[in-house]
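All remarks here apply to the structure that follows.
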Amino acid sequence: MSKNVSVLVGSLRRGSYARKIAHNAIGYFPEGYDPRIVDFRDLPLYDFDYDDPEVTDKPTPPEYTEFREIIQASDGVLFVTPENNRTIPACLKNAIDIGSKPNSDVAWKNLPAGIISHSVGRMGGYSSQKNLRLALSYFDMREC
């Protein structure tokens, strides 16, 4: 039985270093793992009104539901992200926020997580790792 690993690339650019690193990292997974890049470029910006049961005129976008189901069906997540302005890119934070709701069914809860970061600066992605770890710690994700 294969383990599904969702690979989230924190850069939307097709030719990004993060995407190239992700493709290379996928090749290092051992037999028995099925790593796949999860494209989240078309996720609408997070808006709690979509998840608020009291707001009836704003249904949850199907992209939210599909993304959450993919993450929940995963046995683990690998984040590959650049450092943007000493933190993670907005698109990745948006995806994390979407997976964090509704509170009763958080997609990230207790999943094992790996992080690969990079930067053109001397810090080598330190700040993006630090910020990503902080966001993920809320969901009790185990680092691998």
Other residues, nucleotides, ligands: >12 heavy atoms within 6.0 Å of K130 NZ: no
Flag if over 12 foreign heavy atoms under 6.0 Å of CD, E63: yes
Side chain to side chain contact (heavy atoms under 4.5 Å, CB included) between Y33 and S2, worked out: CA-CA 5 Å; Y33 287 84; S2 185; 5.5 Å; no
Side chain to side chain, N110 and F139, heavy atoms closer than 4.5 Å: no
Inter-residue atom distance I88.CD1 - S127.OG, 0.5 Å rounding: 12.0 Å
Partner of T65 by side-chain contact (heavy atoms from CB on, under 4.5 Å), out of T60, I70, I98: T60
Sequence neighbours excluded, every pair satisfying side chain to side chain donor-acceptor pair (under 3.5 Å) that has a member inside residues 111-121: S117-Q129
Aromatic plane relationship, Y50 with Y64 - under 30° parallel, 30 to 60° tilted, over 60° perpendicular: perpendicular
Summary of salt bridge (Lys or Arg N to Asp or Glu O under 4.0 Å) pairs that have at least one residue in residues 68-93, sequence neighbours excluded: D51-R68, E83-R86, K93-D97
Atom pair CG (N131) and CG (L134), whose distance is rounded to the nearest 0.5 Å: 6.5 Å
Working for side chain to side chain contact (heavy atoms under 4.5 Å, CB included), residues V55 and D57: CA-CA 6 Å; V55 177; D57 64 336; 3.4 Å; yes
From OG (S11) to CG (N84), nearest 0.5 Å: 7.5 Å
Side chain to side chain contact (heavy atoms under 4.5 Å, CB included) between R36 and V5, worked out: CA-CA 6 Å; R36 294 187 185 194; V5 178; over 6 Å; no
N/O donor-acceptor pair under 3.5 Å between S74 side chain and V77 backbone: no
Test applied, side-chain contact (heavy atoms from CB on, under 4.5 Å); reference residue, L8; option that passes from I96, I71, L78: I71
Distance (rounded to the nearest 0.5 Å) between S16 OG and K20 NZ: 8.0 Å
Closest contact, heavy atoms only, T81 versus G10: OG1-CA, 4.0 Å
V7 versus P35, closest heavy-atom pair with distance: CG2-CB, 4.1 Å
Residue pair N94 / P44: nearest heavy atoms and the distance that separates them: ND2-O, 3.2 Å
Short side-chain to backbone donor-acceptor contact, N4 and G76, under 3.5 Å: no
Verify same cluster id: I21, I115 (apolar side-chain graph, 4.5 Å): no
Considering all heavy atoms, the nearest A113-L136 contact: CB-CD1, 4.5 Å
D52 side chain vs F48 backbone, donor-acceptor pair below 3.5 Å: no
Salt-bridge criterion met for D140 and K109 (N-O under 4.0 Å): yes
Greater than 12 external heavy atoms within 6.0 Å of Y138's OH: no
Same cluster (ILVMFWY, side-chain, under 4.5 Å), V80 and W108: no
Path from Y46 to V38 over hydrophobic side-chain contacts below 4.5 Å: yes
Heavy atoms of other groups near K58 NZ, more than 12 under 6.0 Å: yes
Non-hydrogen atoms of R41 and R13 that approach each other most closely: NH2-N, 4.3 Å
Spacing of CG belonging to D42 relative to SG belonging to C91, to within rounding of 0.5 Å: 11.5 Å
Residues I37, V9; criterion side chain to side chain contact (heavy atoms under 4.5 Å, CB included); working and verdict: CA-CA 7 Å; I37 292 177; V9 179; 4.1 Å; yes
CZ-CD1 distance between F79 and I116, expressed to the nearest 0.5 angstrom: 12.0 Å
